[in-house]
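By convention in this document, chain letters (A, B, ...) are assigned in the order of the sequence lines, proteins followed by strands, and residues within each chain are numbered from 1. Everything numeric in this text was worked out from a predicted model, so none of it was measured.
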Amino acid sequence: MTGQSKRKKFLYINRRAPHGTIYALESLEVVLIGAAFEQDVSLAFIDDGVYQLMAGQDTSGIGVKNFSKTYRALGDYEVRKLYVERESLAERGLTVEDLMPISFEDEEDDYAEKPSILVADRSEMVRLIAEQDVVLSF
Amino acid sequence: MTGQSKRKKFLYINRRAPHGTIYALESLEVVLIGAAFEQDVSLAFIDDGVYQLMAGQDTSGIGVKNFSKTYRALGDYEVRKLYVERESLAERGLTVEDLMPISFEDEEDDYAEKPSILVADRSEMVRLIAEQDVVLSF
Amino acid sequence: MLRARGDRDLRFGIVVNEGPYTHQASDSAYRFARAALEKGHEILRVFFYHDGVNNGTRFTVPPQDDRNLQRQWSELAEAHKLDLVVCIAAAQRRGILDANEAKRQGKDGDNIAPGFRISGLGQLIEAGIQADRLVVFGD
Amino acid sequence: MLRARGDRDLRFGIVVNEGPYTHQASDSAYRFARAALEKGHEILRVFFYHDGVNNGTRFTVPPQDDRNLQRQWSELAEAHKLDLVVCIAAAQRRGILDANEAKRQGKDGDNIAPGFRISGLGQLIEAGIQADRLVVFGD
Amino acid sequence: MPTLHTVNKSPYERSSLRSCLDHLAEGDSVLMMEDAVVGARRGGKFVEVLKAARPSCTVSVLAPDLAARGMKADDLAEGIALVDYGGFVDLAVANARVCAWL
Amino acid sequence: MPTLHTVNKSPYERSSLRSCLDHLAEGDSVLMMEDAVVGARRGGKFVEVLKAARPSCTVSVLAPDLAARGMKADDLAEGIALVDYGGFVDLAVANARVCAWL
């Protein structure tokens, strides 16, 4: 019962396409606020969640707020583990090249720019879920 | 543009299971109110919509209002064409025996009791949709 | 944007079944309505059902950099004399009230937005009867 | 219903992501919360996010023969000193206000129900950190 | 007169597109809008399903919804048309009724 | 320690049950609740999918949700357990975390 003192592992699972519903946007808002709590944060993009990271999203024609650029700022919030499921991409005819480039500067490696997007097999996703303290689904 | 004077064909398409969402209940509320307008009304139960007519629904354990008995009163509202898709039943391991018996008294046939539930092939559903003036989906 | 209605101009009824922001339904319906008006069609009525009634509260305060859906609807209604009807039964379940309903139900306030009115489900059926096309936007 | 907490008694955080009536999420969460309390567990917090904030309006008037979800939550909170938190960002988009927010936003009234309080998303993260289990109910 | 069918959910998430395609009559039109647009992408799992739909039916995608999901006309599977909201209105006019697959 | 996975949507309507089953680890538990209970019915299309899930995992159905959809214990496919809300709580306690497939 010493939850308060311990650094916990938080996983945010995103499984829905952006814009048709607000879940992607409001999930991102939790991630940004949560960053201030300095927990060990991972994001998983599974199923239609992979569309949240599509490059070149242009919402000007539907009036909905375009929040997709915010993903690229996640590195500044110490959110640097964005796991994208390989099988989910493949099933949709997508590759990682279709996604936004998202990177962070690694202060422990002379500020080298490193990719935040990690393409993970389904079996790695299973392991990722199994090692979490808290799973938030959107 | 003489919509007001003409009797129109209204089709209500129900495709969702009851209780998990309110659509089934609020669809039924439209049907009941709509009955007063004396249009030519049909109801279609496709996909998970067939579960709305399941016999023996008992919602006492989930606190949600049990409105399923209301379907049995539809005959009194002159709503007598409840089309249930055969393929949707079969795919779910259901038969018409699993559904509530719903009937009406035919005043043009010496008040004989007749079934309101009509099991229809998908091809009949296609024809049904094609002959409507108004389709409301829930 | 104003032009005379022609032979192929129809009367549309629009049904909005989801609340603002959570689902795109209200945005899609709003853009469809605008496009129909621009083409010279008539919008007979916009009927808000299910969670759609939540489009009609004036209490929303969306972020500054986002659209204000309630205001968009209210302004479109004002500009084109649209009839925005919030279903009374759906509204009661979800806490949308006008002054009249608030009084009748003994509530200490109301939240209906300008240009919206609360009425019965009969208004939906009537729209179906009178409109040439009824278009449903939902989840 | 009251018993001493034992070794296996945990602290739960509960997240409700959908509004009342439209989805079963709020009903399921309420019944889960009651069952957890009956077994001697603690409910650290119930956090209402997305459309879940709509559980916290006192303006609802559900039909007489149906449950009143807002009142169920308010009464459970009163009986067990539950912390019912409505997310402020989600509430602003959807028109849920307390007196303080109404004043700050220049609105002419508020609609928050007894036992609910409006606060930030940090309360959700904090619940995740402090609770032994976080359980999410949604669409 | 034929029907305009609207589908607004991703076929990867929901069964509504498949159900819609199973209920088309000769000459009907299908409009994929909102999240449904992702199903029209070239190389995706649903291209074959769309191709197998009645040959007499047309399938359109709402362009602003496609752009919002980071896709362009080039990304669409063959034989799928692009329309804007005005085109959506025209489809509703050209058909006798609109049937939403929610 | 294993995970409790909750699924609340009909597998006939949404892909969430299948996605959940594709992401199980050894010894995990699955709870089918709300509209998801319809997927557990004997003779239905998803019985084989459930059977094919990891053998080390248990699948339960929330009994009050099953009753609400007009079904009884007899209607369930083999090997599926029934729990009430208290059993749901116990599952959450017995597992290290709860993962909702919404």
Residue part contacting chain A, namely of [X], when any heavy atom lies under 4.5 Å:
| X | value |
| --- | --- |
| D:D51 | neither |
| D:L124 | side chain |
| D:R133 | neither |

Please confirm whether the backbone N or O of [Y] pairs with a side-chain atom of [X], one donor and one acceptor, at under 3.5 Å?
| X | Y | result |
| --- | --- | --- |
| D:R94 | D:A90 | yes |
| D:N68 | D:R71 | yes |
| D:S74 | D:P114 | yes |
| A:N66 | A:S68 | yes |
| D:T57 | D:N54 | no |

Under the salt bridge (charged side-chain N to carboxylate O under 4.0 Å, His left out) criterion, do A:R80 and A:E78 qualify, and how do the steps go? CA-CA 6 Å; A:R80 301 166 170 191; A:E78 309 284 323; 3.6 Å; yes
[X] bridged to [Y] by N-O distance under 4.0 Å:
| X | Y | value |
| --- | --- | --- |
| A:K65 | A:E26 | no |
| D:E126 | A:K8 | no |
| D:R117 | D:D98 | no |

Side chains of A:Y23 and D:D139 in contact at under 4.5 Å (non-hydrogen atoms):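 SC-SC contact between A:Y23 and D:D139 confirmed.
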Any side-chain heavy atom of D:L10 sitting closer than 4.5 Å to one from D:E42?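 Counting from C-beta outward, D:L10 and D:E42 never come under 4.5 Å.
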Would you please indicate yes or no on a ring centroid separation below 6.0 angstrom for D:F116 and D:W73?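 D:W73 vs D:F116: aromatic centres not under 6.0 Å.
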Check whether the ring centres of A:Y83 and A:F45 lie less than 6.0 Å apart, and answer yes or no.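 Distance test on ring centres: not under 6.0 Å, no.
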So which bits of residues 105-113 of chain D come within less than 4.5 Å of chain A, counting non-hydrogen atoms only?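 Near chain A, by residue number: none.
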So which residues of residues 21-28 of chain D are in contact with chain A at a heavy-atom cut-off of under 4.5 Å?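 If one takes a 4.5 Å heavy-atom cut-off, no residue of residues 21-28 of chain D lies near chain A.
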Which heavy atom of D:V53 sits nearest a heavy atom of D:C87, and at what distance?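 Distance-wise, the nearest heavy atoms are CG1-O, 3.8 Å.
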Output, in order, the C-alpha distance, side-chain angles, deciding distance and verdict of salt bridge (charged side-chain N to carboxylate O under 4.0 Å, His left out) for A:R92 and A:D98. CA-CA 11 Å; A:R92 287 161 183 79; A:D98 294 306; over 6 Å; no
For atom [atom1] of [X], decide whether the heavy atoms of other residues, nucleotides or ligands shown that lie under 6.0 angstrom number more than 12.
| X | atom1 | value |
| --- | --- | --- |
| A:F37 | CZ | yes |
| A:E38 | CD | no |
| A:D106 | CG | yes |

Would you please go through residues 10-21 of chain A and name the residues with a non-hydrogen atom below 4.5 Å from one of chain D, in numerical order?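 Residues A:F10, A:Y12, A:R16 are the ones that qualify, each having a heavy atom under 4.5 Å from chain D.
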Contacts of residues 118-138 of chain A with chain D (heavy atom under 4.5 Å):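 Near chain D, by residue number: A:V134, A:V135, A:L136, A:S137, A:F138.
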